[in-house]
Asker: 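Take this structure, written in structure tokens, and hold onto it; I'll ask about it next.
Every value quoted in this text rests on a predicted model; they were computed, and no experiment measured them.
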Protein chains: 2
Amino acid sequence: MPQPQGSKGQDTKKKVTIIEIADAAGVSKSTVSLVLTGRGAVKPETRQHVLETMDRLGYVYNRGAANLRNAQSRIVGLVLNDLSNPFFAEFAIGVEKVLQMAGYVAFMANTAESVVRQEQVMRMMREHGAGGIILCPALDTRPEHLDWVRAAGTALLVAIRRLPDVAVSHVVPENLAGASRITRHLINLGHERIAFLGGMHSMVVRQERHGGFLAAMEATGRNVDPALNLESMPTRDGGFGAMSAVLSLADRPTAVVCYNDVTAIGAMLAAARHGLVVGRDIAIVGFDDTSEARHVSPALTTVAVDPVGLGERAAALLLKQINDPAAEPESFIGPANLVIRESCGAYQRALAAAG
Amino acid sequence: MPQPQGSKGQDTKKKVTIIEIADAAGVSKSTVSLVLTGRGAVKPETRQHVLETMDRLGYVYNRGAANLRNAQSRIVGLVLNDLSNPFFAEFAIGVEKVLQMAGYVAFMANTAESVVRQEQVMRMMREHGAGGIILCPALDTRPEHLDWVRAAGTALLVAIRRLPDVAVSHVVPENLAGASRITRHLINLGHERIAFLGGMHSMVVRQERHGGFLAAMEATGRNVDPALNLESMPTRDGGFGAMSAVLSLADRPTAVVCYNDVTAIGAMLAAARHGLVVGRDIAIVGFDDTSEARHVSPALTTVAVDPVGLGERAAALLLKQINDPAAEPESFIGPANLVIRESCGAYQRALAAAG
DNA sequence: TTCTGAAATTGGAACGTTCCAATAAACGAT
DNA sequence: ATCGTTTATTGGAACGTTCCAATTTCAGAA
């Protein structure tokens with residue numbers, strides 16, 4: 001009895017499996033599996049023939065089925081809180097570099113600072129058998145949000161933003177010391193009234209950086225004016241707004257320490273709009289040393305935290321943890337070094353002194 | 001006979017399955033499955049009890065096993081060729097927005113312009129059962145590189161960089177018309193000698209944009225000097241280098257059309273280093289309208305292609321294709337509109353005319 | 001009480017792979 | 001030829017889920 005509906009060719013893409021390959025190649029499914037995994041000893045000609053058959057029939061390996069036995073796939077999840085910040089793009093590049101060498105691939109997802117989305121994304125990654133997850137936590141991530149991940153035995157590493165009171169590996173920059181260092185640099189240049197600008201109070205990173213700022217101010221007997229501590233979203237627009245507010249003050253500061261490079265660049269823009277020459281009329285410094293800092297004009301004095309290096313470190317630590325799940329959590333505090341460029345005015349001062 | 005090694009607690013994280021939940025909750029695995037999928041009718045109290053048990057034992061859903069029957073997971077792969085270009089970050093944000101609403105999650109991967117890596121990443125995504133893939137192809141992707149993806153029936157959409165002669169859905173900006181538009185704008189401002197700068201000849205996008213440039217030049221009888229057509233990597237450094245070369249020419253152009261915003265910003269920097277005031281001494285324009293274009297100083301005149309919008313469109317088209325695999329490939333050419341800011345000098349000219 | 005239909009639950013057969021133990025084939029050495 | 005040994009190959013039993021058909025339970029009607 002002939003089938004009436006003449007569906008021309010492969011209308012319905014039937015999934016081709018290892019068994020069909022085996023049949024077509026005239027071997028057993030076990031042999032095909034052997035070829036696929038490259039584990040056993042299979043005669044070169046047989047291997048070749050199987051490979052050709054797979055090619056001919058358009059075979060797709062089903063990792064899900066395979067993981068049913070293995071339960072360890074070579075993917076790692078990278079959860080980023082803000083893809084539009086180039087800092088995280090650079091961080092991601094470092095992560096990928098190391099993972100790739102170890103034969104892993106990183107699947108990234110963006111949470112856009114939403115805890116709900118973060119939860120959803122991490123669940124997906126776990127369900128797909130990710131070997132581990134590197135998490136740059138969204139703004140108000142609570143420690144208990146991570147319990148379920150760790151309960152299930154997925155390797156987890158928190159990066160960039162420390163989560164206090166969570167017993168999990170961390171990779172973060174030396175925020176306090178870095179902020180202290182750059183503040184001291186401004187003080188050495190003779191500044192008395194210095195503002196701290198950008199970031200939200202609730203962010204741990206801001207607390208650390210602001211702490212470093214305060215430490216340097218107090219250690220040198222500087223007076224800290226609460227009016228010169230301004231919050232803003234950690235974005236260019238945030239920096240622009242906060243700086244505009246600062247400049248409308250009666251008693252302006254002569255120098256500004258910004259939460260990060262992005263806000264610093266926003267602040268520089270605001271200063272320029274007010275007719276100030278950054279580096280001469282006012283000093284503005286940032287934090288992170290993203291590639292933008294080098295390229296902006298005047299070049300931004302900042303604290304280099306080497307985002308790529310942090311990414312590499314994070315990946316390496318995670319891999320270690322994947323390979324030895326029993327290991328204790330381990331943390332890495334990345335160095336934060338002063339990079340003196342033009343926006344702080346040090347260069348101009350040196351010129352003047354020489355001239 | 002007592003076990004000697006007193007492994008305290010859950011040293012060996014045994015994977016907990018649906019069956020163990022069933023046993024612990026005193027129901028059958030089928031019931032647990034019903035709870036999980038929410039498909040059948042299960043008594044509220046039973047559901048509650050099962051849910052609690054899952055929570056208590058730290059159950060992780062195994063999507064791989066489930067897909068063995070279903071063979072369609074709600075993930076979409078997003079393959080990006082250059083994560084460090086903010087254009088792609090914005091594109092990705094658009095993609096995510098739409099996918100999320102449809103209950104999908106996007107897993108991104110960066111190829112860093114490597115075809116090998118691109119292949120590896122796409123293979124991984126397919127193996128994990130991605131429902132579809134949005135590909136921003138790496139520089140020298142050949143059409144035949146994509147054959148195997150399409151053969152296996154995975155929905156595929158190519159974005160941003162058109163691949164000629166590939167029968168697959170595309171979402172790309174209107175490069176030719178956009179470039180033509182912005183060139184004409186410079187011509188209307190009175191420029192005669194105009195350079196085209198950045199990007200590599202082999203890139204289709206460059207061919208299109210340069211084509212638009214040429215069209216406008218020739219339509220208005222302008223003379224096109226081959227010395228004013230410079231290649232560079234599509235990066236800030238590339239733009240800086242190419243612009244430096246242009247400025248060392250004996251017969252400098254008075255205006256420069258750049259391949260994209262990133263190279264234009266590099267070019268602006270080079271001009272500034274040569275003591276030129278951009279927008280007064282020389283006109284520089286870009287392409288893309290990334291958020292940087294607005295923020296740089298002087299603000300960049302450019303062509304808005306709305307990367308977020310393109311991302312949204314790409315996601316929508318891919319979803320359509322996932323839901324109807326038999327549908328014909330469909331393409332969307334996004335509008336490219338002139339955005340006049342300061343770097344082309346139009347604003348200063350208007351001021352002068354008014355004054 | 002018995003019957004009836006709906007609601008709730010269940011065992012077992014897939015799904016596509018890997019792994020193990022077992023078998024078959026090939027090859028020298030006796 | 002016969003034996004061991006190495007090299008190739010192979011069925012079948014997992015793995016954790018869903019789906020189907022079958023069964024049990026439950027309310028209300030007769």
Side-chain angles (χ1 to χ4, degrees), chain A residues 12-51 53-54 57-74 123-124 126-130 152-154, chain B residues 12-51 53-54 57-74 123-124 126-130 152-154:
Chain A
T12 3
K13 296 270 185 183
K14 198 39 189 77
K15 204 183 254 183
V16 24
T17 81
I18 213 184
I19 301 197
E20 298 171 57
I21 300 297
D23 287 351
V27 294
S28 76
K29 62 179 169 39
S30 303
T31 304
V32 179
S33 173
L34 254 22
V35 170
L36 238 25
T37 59
R39 252 185 269 274
V42 21
K43 199 164 16 169
E45 328 154 37
T46 314
R47 169 189 310 279
Q48 194 53 37
H49 183 210
V50 169
L51 251 23
T53 313
M54 294 200 307
L57 302 193
Y59 169 72
V60 185
Y61 184 68
N62 184 334
R63 176 91 42 184
N67 285 354
L68 223 43
R69 307 284 318 238
N70 280 5
Q72 192 68 279
S73 90
R74 293 182 90 72
R123 167 159 287 126
M124 276 284 196
R126 262 199 347 162
E127 288 179 359
H128 278 281
T154 310
Chain B
T12 3
K13 296 271 186 183
K14 213 5 203 102
K15 203 182 255 181
V16 22
T17 80
I18 213 184
I19 301 196
E20 298 171 57
I21 300 297
D23 287 350
V27 295
S28 76
K29 62 179 170 36
S30 302
T31 304
V32 179
S33 174
L34 254 23
V35 170
L36 238 24
T37 59
R39 252 184 270 274
V42 21
K43 198 163 19 166
E45 328 153 37
T46 315
R47 170 190 307 281
Q48 194 52 37
H49 182 208
V50 169
L51 250 24
T53 313
M54 293 199 306
L57 303 192
Y59 169 72
V60 185
Y61 184 68
N62 185 334
R63 176 92 42 184
N67 284 354
L68 223 41
R69 308 281 321 233
N70 280 4
Q72 191 70 279
S73 90
R74 292 181 92 71
R123 166 160 287 127
M124 276 283 196
R126 263 198 346 162
E127 288 178 359
H128 279 281
T154 310

Asker: Any side-chain heavy atom of S73(A) within less than 4.5 Å of one from E127(B)?
Answerer: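 In short, these two side chains do not touch, never coming nearer than 4.5 Å.
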
Asker: Does any residue of residues 43-50 of chain A have a heavy atom under 4.0 Å from DNA chain D, and if so, which ones, in number order?
Answerer: K43(A), T46(A)

Asker: Would you mind reading off the distance between D23(B) atom CG and dT9(C) atom P, rounded to a whole angstrom?
Answerer: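 Spelled out: CG on D23(B) to P on dT9(C) is 16 Å.
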
Asker: State, with a plain yes or no, whether a side-chain heavy atom of Y59(B) is found less than 4.5 Å away from one of L36(B).
Answerer: yes

Asker: When you get a sec, tell me which of dT10(D), dG16(D), dT18(D) is the closest nucleotide to the side chain of N62(B)?
Answerer: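 Ranking dT10(D), dG16(D), dT18(D) by closest atom to the N62(B) side chain puts dG16(D) first.
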
Asker: Expressed as a whole number of angstroms, how long is the span from L36(B):CG to dC19(D):P?
Answerer: 11 Å

Asker: Send over the distance from L34(B) CG to dA7(C) P, rounded to a whole Å.
Answerer: 14 Å

Asker: Quick one: are T17(B) and N62(B) in side-chain contact, heavy atoms under 4.5 Å?
Answerer: no

Asker: Between dT17(D), dT17(C), dC19(C), spot the one nearest the side chain of R39(A), thanks.
Answerer: dC19(C)

Asker: I need the minimum non-hydrogen distance between R74(B) and M124(A), along with the two atoms involved.
Answerer: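 Smallest heavy-atom distance, with atoms named: O-CE, 4.0 Å.
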
Asker: Consider the side chain of A41(A), meaning its heavy atoms from C-beta on, and name the nucleotide among dA8(D), dT10(D), dT18(D) that approaches it most closely.
Answerer: dA8(D)

Asker: What nucleotide, of dT9(D), dT18(C), dT10(C), holds the atom closest to the side chain of Y61(A)?
Answerer: dT18(C)

Asker: With no hydrogens and no angle check, just 3.5 Å: does a side-chain donor-acceptor pair link T31(B) and S28(B)?
Answerer: yes

Asker: How close do T154(A) and A130(A) get, heavy atom to heavy atom, and via which atoms?
Answerer: CG2-O, 3.9 Å

Asker: Between dC15(C) atom C1' and L68(A) atom CG, what is the distance in whole Å?
Answerer: 9 Å

Asker: Among the nucleotides dG12(C), dT18(C), dG16(D), which one has an atom lying closest to any side-chain atom of K29(A)?
Answerer: dT18(C)

Asker: Measure the distance from CD1 on I18(A) to P on dG11(D) and round it to the nearest whole Å.
Answerer: 14 Å

Asker: Starting at atom CD of E127(A), determine the distance to atom C1' of dG16(D), rounded to an integer number of angstrom.
Answerer: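 Nearest whole value for this atom pair: 13 Å.
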
Asker: Strictly distance-based, threshold 3.5 Å: is any side-chain N or O of S33(A) a donor or acceptor partner for the main-chain N or O of K29(A)?
Answerer: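 Not a single qualifying donor-acceptor pair exists.
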
Asker: Both S30(A) and I19(B) contact DNA chain D. Taking the nearest nucleotide for each, which residue is further toward the 5' end?
Answerer: S30(A)

Asker: Would you mind telling me which of dG16(D), dT10(D), dT18(D) lies closest to the side-chain atoms of R69(B)?
Answerer: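 Closest of the options to the side chain of R69(B): dT18(D).
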
Asker: Has T31(A) got a side-chain N or O lying under 4.0 Å from the OP1 or OP2 atom of dT10(D)?
Answerer: yes

Asker: Would you mind reading off the distance between K15(B) atom NZ and dC15(D) atom P, rounded to a whole angstrom?
Answerer: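 It is 11 Å, rounded to the nearest whole Å.
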
Asker: May I have the distance from R63(B) (atom CZ) to dC15(C) (atom P), rounded to whole angstrom?
Answerer: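 To the nearest whole Å, that distance equals 21 Å.
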
Asker: Can you find a side chain N or O atom of S28(A) that sits less than 4.0 Å from OP1 or OP2 on dT9(D)?
Answerer: no

